Amino acid sequence: MEHDRNDREREQGEPVDSGHLPGAHLLRIHINREVFQSPNPTTGEALYVLADIAKHEKLYREVEGDAEDERIARDETVIHLTQDAHFYSQKSVDILVNGDEHEIDTNEINYARVVELYLGSGGKPSNEFLVKYSHGPAENPSGTLAPGQKVKVKDDMRFRVAGTGES
């Protein structure tokens, strides 16, 4: 029976006419601990749609070892899959620190973390820093962040860090 053969091919990751990218065949993948059949190759956007990933969440492909997991862009970039690849989604926020984009996975950030991001991007060391922010959420749209303080964050919130040179 043709239907059974196609099911068997899908389970084994063999070529099936998926109607997607040319040369695509279905593979079994895991997103947020659920099993899905996805054409391979596929796109980042297709993976977000397949698993119904919320707009405020980002999708990541798990990688082996100590390397950072790979962020999957929500666009038409072609993604090559492997059988039983694992993906997960999590809420994340993109912020700017002195113009450099950083992705954080919390809904608030403290002074020390902002300074750490600044220094990690090649910022100049100083004894003290002045941290200002703008484009924040309604609770804290703009202001100055002092040592020991934290603020709520939202996508595209901007932080400006400057060394004061004082001790």
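These figures come from a predicted structure and were not determined experimentally.
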What closest approach, in Å, do [X] and [Y] show between heavy atoms, and which atom pair accounts for it?
X	Y	result
P41	V78	CB-CG1, 3.7 Å
I29	T82	CG2-O, 4.1 Å
H102	D100	CD2-O, 3.1 Å
E108	V153	N-CG2, 3.8 Å
T164	L130	CG2-N, 4.0 Å
L26	P39	CD2-N, 3.4 Å

F159 side chain near I95 side chain, heavy-atom distance below 4.5 Å
yes
Does the [X] side chain pair with the main chain of [Y], one donor and one acceptor, at a distance under 3.5 Å?
X	Y	value
R158	G136	no
D69	V63	yes
N98	V161	yes
E139	K152	no
Q149	A146	yes

So L59 and L47, side chain to side chain contact (heavy atoms under 4.5 Å, CB included) or not? Walk me through it.
CA-CA 8 Å; L59 187 64; L47 290 174; 3.7 Å; yes
Taking NZ, NE, NH1 and NH2 as the nitrogens, is one of them in K58 or D94 under 4.0 Å from a carboxylate oxygen of the other?
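D94 and K58: salt-bridged.
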Is the closest basic N to carboxylate O distance between D155 and K91 below 4.0 Å?
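Result for this pair is no, no salt bridge flagged.
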What distance separates [X] [atom1] from [Y] [atom2], expressed to the nearest 0.5 Å?
X	Y	atom1	atom2	result
K132	T144	NZ	OG1	5.5 Å
K150	N107	NZ	CG	9.0 Å
K55	R74	NZ	CZ	8.0 Å
I79	E45	CD1	CD	11.5 Å
M157	S134	CE	OG	7.5 Å
L96	D156	CG	CG	6.0 Å

In chain order, what residues pass the ring pair (Phe, Tyr, Trp, His ring centres under 6.0 Å) check against Y118, with sequence neighbours excluded?
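Once residues adjacent in sequence are excluded, the partners of Y118 under the ring pair (Phe, Tyr, Trp, His ring centres under 6.0 Å) criterion are F129.
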Check: N32/S89 side-chain N/O donor and acceptor closer than 3.5 Å
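Side-chain D/A pair, N32 to S89: present.
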Side chain to side chain contact (heavy atoms under 4.5 Å, CB included) between L27 and S38: does it pass, once the steps are laid out?
CA-CA 5 Å; L27 287 181; S38 175; 5.8 Å; no
Give the C-alpha distance, both sets of side-chain angles, the deciding distance and a yes or no for side chain to side chain contact (heavy atoms under 4.5 Å, CB included) between Y111 and V151.
CA-CA 9 Å; Y111 170 92; V151 292; over 6 Å; no
How would you list all residue pairs meeting ring pair (Phe, Tyr, Trp, His ring centres under 6.0 Å) that involve residues 26-56, not counting sequence neighbours?
H30-H86
Is it the case that over 12 heavy atoms from other parts of the model lie below 6.0 angstrom from the CD atom of E68?
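Check fails, neighbour count at 12 or below.
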Begin with the C-alpha distance, continue with both residues' side-chain angles, and end with the deciding distance and a verdict on side chain to side chain contact (heavy atoms under 4.5 Å, CB included) for I104 and I109.
CA-CA 9 Å; I104 61 173; I109 193 166; 4.2 Å; yes
